[in-house]
Amino acid sequence: MPVKPRGRPKAFNDKTDQNTVQALDRALGLLEHLAQGPGRTLSELAEETGLAVATVFRALVTLQGHGMVEVEEPGQVWHIGAGAFRVGTAFLRRTKVVERARQPMDQLMRDTGETANLGVEVRGEVLFLAQVETTEAIRAFFPPGTKGPMHSSGIGKALLAWYPEERARDIIARQGLQKFTSLTLTSDSALLRDLARTRDRGFAIDDQERAEGMRCIAAPIFNAYGEPVAGLSVSGPAFRVGLSDASRFGALVRAAADQVTEATGGNRP
């Protein structure tokens with residue numbers, strides 16, 4: 001007797017238009033668009049997404065019924081709702097990394113005086129999961145859910161450096177090497193040389209490569225197979241995080257990342 005597949009139709013791997021639900025695709029696209037910034041009016045959402053006002057309104061009302069979006073009066077400004085937060089936190093429950101990283105991040109912030117960050121790679125980008133902010137007036141800010149390019153971030157380069165070279169090259173080819181500042185590494189050869197130096201010293205440095213005046217130092221967290229699955233970093237203004245501080249900060253970040261690796265049953269290669 002043939003075994004029936006559990007939970008997957010025959011067309012599971014077919015991602016053509018005929019196997020997608022257009023209305024759902026549009027609604028989720030609107031939800032992601034709202035998540036990228038402050039609230040939007042109906043007309044702003046329609047203009048920014050290129051969808052008809054009526055289409056946007058129907059999608060928003062449907063999402064509102066599930067608590068995924070909320071509308072603020074006056075002005076009919078739409079925002080992400082509490083339902084989206086509840087769904088999003090389910091992602092964090094897939095791993096103990098966030099829970100296990102909290103204490104090391106707190107300590108890292110106290111030891112360095114700078115903001116500590118935790119992130120993972122999702123589809124070739126860094127997704128920030130948690131942050132412990134410094135009390136300094138001028139500080140880095142990456143709220144949970146923020147995404148960023150890998151080639152110009154400390155966590156991104158820390159992960160790329162310990163990925164198999166084929167995987168790193170594939171991400172670089174797919175995502176490209178966009179220039180953000182005069183110090184952004186925009187050639188494959190320059191980035192690969194930087195990744196080799198990162199492996200040698202045990203931590204990555206984002207030297208104002210994403211934002212002028214900001215530096216970040218990061219190290220990877222490994223799973224039980226010695227594979228990098230997350231990254232821990234400290235970020236701050238260049239006038240406080242000097243290159244002369246890199247070795248000291250790097251040792252602290254490396255130790256904190258290793259602590260999370262051990263606490264989650266991982267092994268540093």
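- In the model, Thr184 has no side-chain atom that pairs as donor or acceptor with a side-chain atom of Thr186 under 3.5 Å.
- For OH of Tyr225, the number of neighbouring non-hydrogen atoms (other residues, nucleotides, ligands) closer than 6.0 Å is 12 at most.
- Put simply, the side chain of Ile171 reaches to within 4.5 Å of the side chain of Met150, judged on heavy atoms.
- Using modelled atom types, one finds a donor on one side chain and an acceptor on the other under 3.5 Å when comparing Glu121 with Tyr163.
- Put simply, Leu63 and Val56 are part of the same group of oily side chains (I, L, V, M, F, W, Y) that touch within less than 4.5 Å, one to the next.
- Clustering ILVMFWY residues whenever any of their side-chain heavy atoms sit less than 4.5 angstrom apart, transitively, puts Val120 in a cluster other than the one holding Trp162.
- In this structure, Leu159 and Ile155 have side chains that are in contact, with non-hydrogen atoms separated by less than 4.5 Å.
- Residues Phe128 and Leu160 fall within the same hydrophobic cluster, defined by Ile, Leu, Val, Met, Phe, Trp and Tyr side chains chained together at heavy-atom separations under 4.5 Å.
- Atom CD of Glu44 has more than 12 neighbouring heavy atoms from other residues, nucleotides or ligands inside a 6.0 Å radius.
- Within the 4.5 Å cutoff, the side chain of Leu42 has no heavy atoms near those of the Gln76 side chain.
- Phe180 carries Arg210 over the face of its six-membered ring, with the cationic atom under 6.0 Å from the centre and within 45° of the normal.
- Heavy atoms from other residues, nucleotides or ligands lying under 6.0 Å from CD of Glu136 number more than 12.
- Minimum heavy-atom separation, Arg174 to Arg123: NH1-O, 4.5 Å.
- Counting only N and O atoms by type, the side chains of Asn223 and Thr264 include no donor and acceptor under 3.5 Å apart.
- Checking each of Arg197, His151, Glu209 against Lys157 for a side chain to side chain contact (heavy atoms under 4.5 Å, CB included) leaves exactly one that passes, namely Glu209.
- Within 6.0 Å of the CD atom in Glu262, the count of heavy atoms belonging to other residues, nucleotides or ligands does not exceed 12.
- Side-chain atoms of Met105 and Ser233, non-hydrogen and from C-beta on, never get closer than 4.5 Å to each other.
- Atom CD of Glu48 sits in a crowded spot, with more than 12 heavy atoms from other residues, nucleotides or ligands closer than 6.0 Å.
- Under a cut-off of 6.0 angstrom, the local environment of NE2 in His66 is sparse, with at most 12 non-hydrogen atoms contributed by other residues, nucleotides or ligands.
- For the residue pair Gln259/Gln107, the side-chain donor-acceptor check at 3.5 Å is not satisfied.
- By the criterion of side-chain heavy atoms lying less than 4.5 angstrom apart, applied directly or through intervening Ile, Leu, Val, Met, Phe, Trp or Tyr residues, Ile205 is not grouped with Leu183; the two fall into different hydrophobic clusters.
- Phe222 and Leu118 fall into different hydrophobic clusters, where Ile, Leu, Val, Met, Phe, Trp and Tyr are joined by side-chain heavy atoms under 4.5 Å apart, directly or via other members.
- In this structure, the side chain of Asp111 does not engage the main chain of Leu108 through any donor-acceptor pair within 3.5 Å.
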